[in-house]
J.: 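Attaching a single structure in structure tokens format; questions to follow.
Both ligands and their constituent atoms are indexed starting at 1 by order of listing.
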Amino acid sequence: MFITFEGGEGSGKTSLIKYITNALSTYDIVSTREPGGSMVAEAIRDVVLNPKYEGVTPYTEALLYAASRAQHLDEVVIPAIKANKLVLCDRYIDSSLAYQGYARDLGFDFVLSINQYALFHMPDLTFYIDIDPKLGLSRINHRQDLDRLDQESINFHDRVRQGYNKVLETYPNRVVRIDGDRTIEEIANEIITIIKERL
Ligand code: TYD
């Protein structure tokens, strides 16, 4: 089973995935993240997120995420699925739909067209951790290493949330909305119950 986690900045996905991976330790789990998760994909991640590359345009950004995704699929996700592992992935194509398709205004169709390869390998289940961007940004603001997208305006992050709402409307059978304004334990337990029902 291939499960992805989505949400805006500071939605707590990374801690949640750690918690869930520990709680489901009896399963053979591969937990990974996008953009990155392999050497080449991590290099692409640096180009797309390092604030020193301030000239990255929206189309280039979308293509870099798609490239990183293709590499990560071939190196990490597809081999793990073939080996019957439970794959937990921090972000996938829905991030591109919400951030590049909606917030950057490139449109869902464009994002889908450059992500054809990912469309052959869609997740069985996606958890969207929904929180108010003001709360999410207040959780991460103390960090020293804010990346190029973290540094975008609150207006941009509000648009990302609207983009995720459109993702929810478009894929109601695959994407489950989770209220992110609760403790990690509460959120993780809700998610673990849903995963166990589906396994
Ligand atoms: P990351 O540090 O992983 O953020 P988070 O901890 O919030 O998941 O950085 C990933 C950033 O890349 C995040 O701002 C969202 C953005 N992103 C896109 O814009 N499009 C994409 O397709 C993906 C995978 C990520």
J.: Please determine if Lys166 and Asp94 form a salt bridge, counting it only when a charged side-chain N lies under 4.0 Å from a carboxylate O.
T.: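 Here Lys166 does not pair with Asp94 in a salt bridge, since their nearest N and O are not under 4.0 Å apart.
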J.: Count the heavy atoms belonging to other residues, nucleotides or ligands that lie under 6.0 Å from CD of Glu54, then report whether that count exceeds 12.
T.: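 Not more than 12 within 6.0 Å, no.
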J.: Does the side chain to side chain contact (heavy atoms under 4.5 Å, CB included) test come out yes or no for Asp28 and Asn84, once each step is laid out?
T.: CA-CA 8 Å; Asp28 203 353; Asn84 259 327; over 6 Å; no
J.: For Arg143, is there an ion pair with Glu9 - N to carboxylate O distance below 4.0 angstrom?
T.: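 Salt bridge absent between Glu9 and Arg143.
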J.: Nearest protein heavy-atom contact for atom 20 (N) of ligand 1: which residue, which atom, what distance?
T.: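 Here the nearest protein heavy atom works out to Gln100 OE1, 2.8 Å.
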J.: Please indicate whether any nitrogen or oxygen in Asp150 is less than 3.5 Å from any nitrogen or oxygen in ligand 1.
T.: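 No.
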J.: Could you pull out, from Arg33, Glu9, Glu6, the option with a heavy atom nearest to atom 14 (O) of ligand 1?
T.: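 The option holding the nearest heavy atom is Glu9.
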J.: Examine distances only and state if a side-chain atom of Thr21 and a backbone atom of Ile17 form a donor-acceptor pair shorter than 3.5 Å.
T.: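 Checking the backbone N and O of Ile17 against the side chain of Thr21, a donor-acceptor pair under 3.5 Å is found.
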J.: Quick one: which ligand 1 atoms are inside 4.0 Å of a heavy atom on Ser95?
T.: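 Once the distances to Ser95 are compared, the set is 20 (N), 21 (C), 22 (O), 23 (C), 24 (C), 25 (C).
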J.: Decide, yes or no, whether a salt bridge links Asp158 with Lys134 under the criterion of side-chain N to carboxylate O below 4.0 Å.
T.: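 Salt bridge absent between Asp158 and Lys134.
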J.: Return the residue, atom name and 0.1 Å-rounded distance of the protein heavy atom closest to atom 6 (O) of ligand 1.
T.: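 Minimum-distance protein heavy atom for atom 6 (O) of ligand 1 reads Thr14 OG1, 4.1 Å.
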J.: Under 4.0 Å, heavy-atom basis, I'd like to know which part of Val48 is in contact with ligand 1: side chain, backbone, both or neither.
T.: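 Neither; nothing of Val48 gets under 4.0 Å from ligand 1.
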J.: Please check: side-chain N/O of Glu186 versus main-chain N/O of Thr183, any donor-acceptor pairing under 3.5 Å?
T.: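 A pair under 3.5 Å: yes.
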J.: What is the closest protein heavy atom to atom 12 (O) of ligand 1, and at what distance does it sit?
T.: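 Among all protein heavy atoms, the one nearest atom 12 (O) of ligand 1 is Tyr65 OH, 2.9 Å.
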J.: Could you tell me whether Glu34 and ligand 1 have an N or O pair separated by under 3.5 Å?
T.: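 No.
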J.: Could you point out which residue of Lys13, Lys18, Arg33, Arg45 forms a salt bridge (charged side-chain N to carboxylate O under 4.0 Å, His left out) with Asp90?
T.: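 With Asp90 as partner, salt bridge (charged side-chain N to carboxylate O under 4.0 Å, His left out) holds for just one option, Lys13.
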J.: For atom 7 (O) of ligand 1, which of His72, Arg91, Arg45 has the closest heavy atom?
T.: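 Selected option, by shortest heavy-atom distance: Arg91.
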J.: Can you confirm whether or not the ring centre of Tyr92 sits under 6.0 Å from the ring centre of Phe5?
T.: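 So the answer is no for these two rings.
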J.: Considering only heavy atoms of Asp147, which atoms of ligand 1 have at least one such atom less than 4.0 Å away?
T.: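 Listed by number with element, the hits are 2 (O), 9 (O).
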J.: Record the part of Ile93 in heavy-atom contact with ligand 1 below 4.0 Å; permitted values are side chain, backbone, both and neither.
T.: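 Neither part.
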J.: Without swapping roles, check the side chain of Asp124 against the backbone of Phe2 for a donor-acceptor pair under 3.5 Å.
T.: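 Side chain of Asp124 to backbone of Phe2, a donor-acceptor pair under 3.5 Å: yes, one is there.
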J.: Students should be able to answer this: which protein heavy-atom is nearest to atom 11 (C) of ligand 1, and at what distance?
T.: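 Its nearest protein heavy-atom neighbour is Leu49 CD2, 3.8 Å.
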J.: Just heavy atoms, cut-off under 4.0 Å: does Glu61 contact ligand 1 by side chain, backbone, both, or neither?
T.: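 Answer for Glu61: neither.
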J.: Which residue and atom name correspond to the protein heavy atom nearest atom 22 (O) of ligand 1, and how close is it?
T.: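 Protein heavy atom with the smallest distance to atom 22 (O) of ligand 1: Ser96 OG, 2.5 Å.
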J.: Suppose I only count heavy atoms of Tyr99 and a 4.0 Å limit; which atoms of ligand 1 are within that range?
T.: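 By the 4.0 Å cutoff, the relevant atoms are 14 (O), 15 (C), 18 (C), 19 (O).
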J.: For atom 8 (O) of ligand 1, what is the closest protein heavy atom, and at what distance to 0.1 Å?
T.: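 Here the nearest protein heavy atom works out to Lys13 NZ, 2.6 Å.
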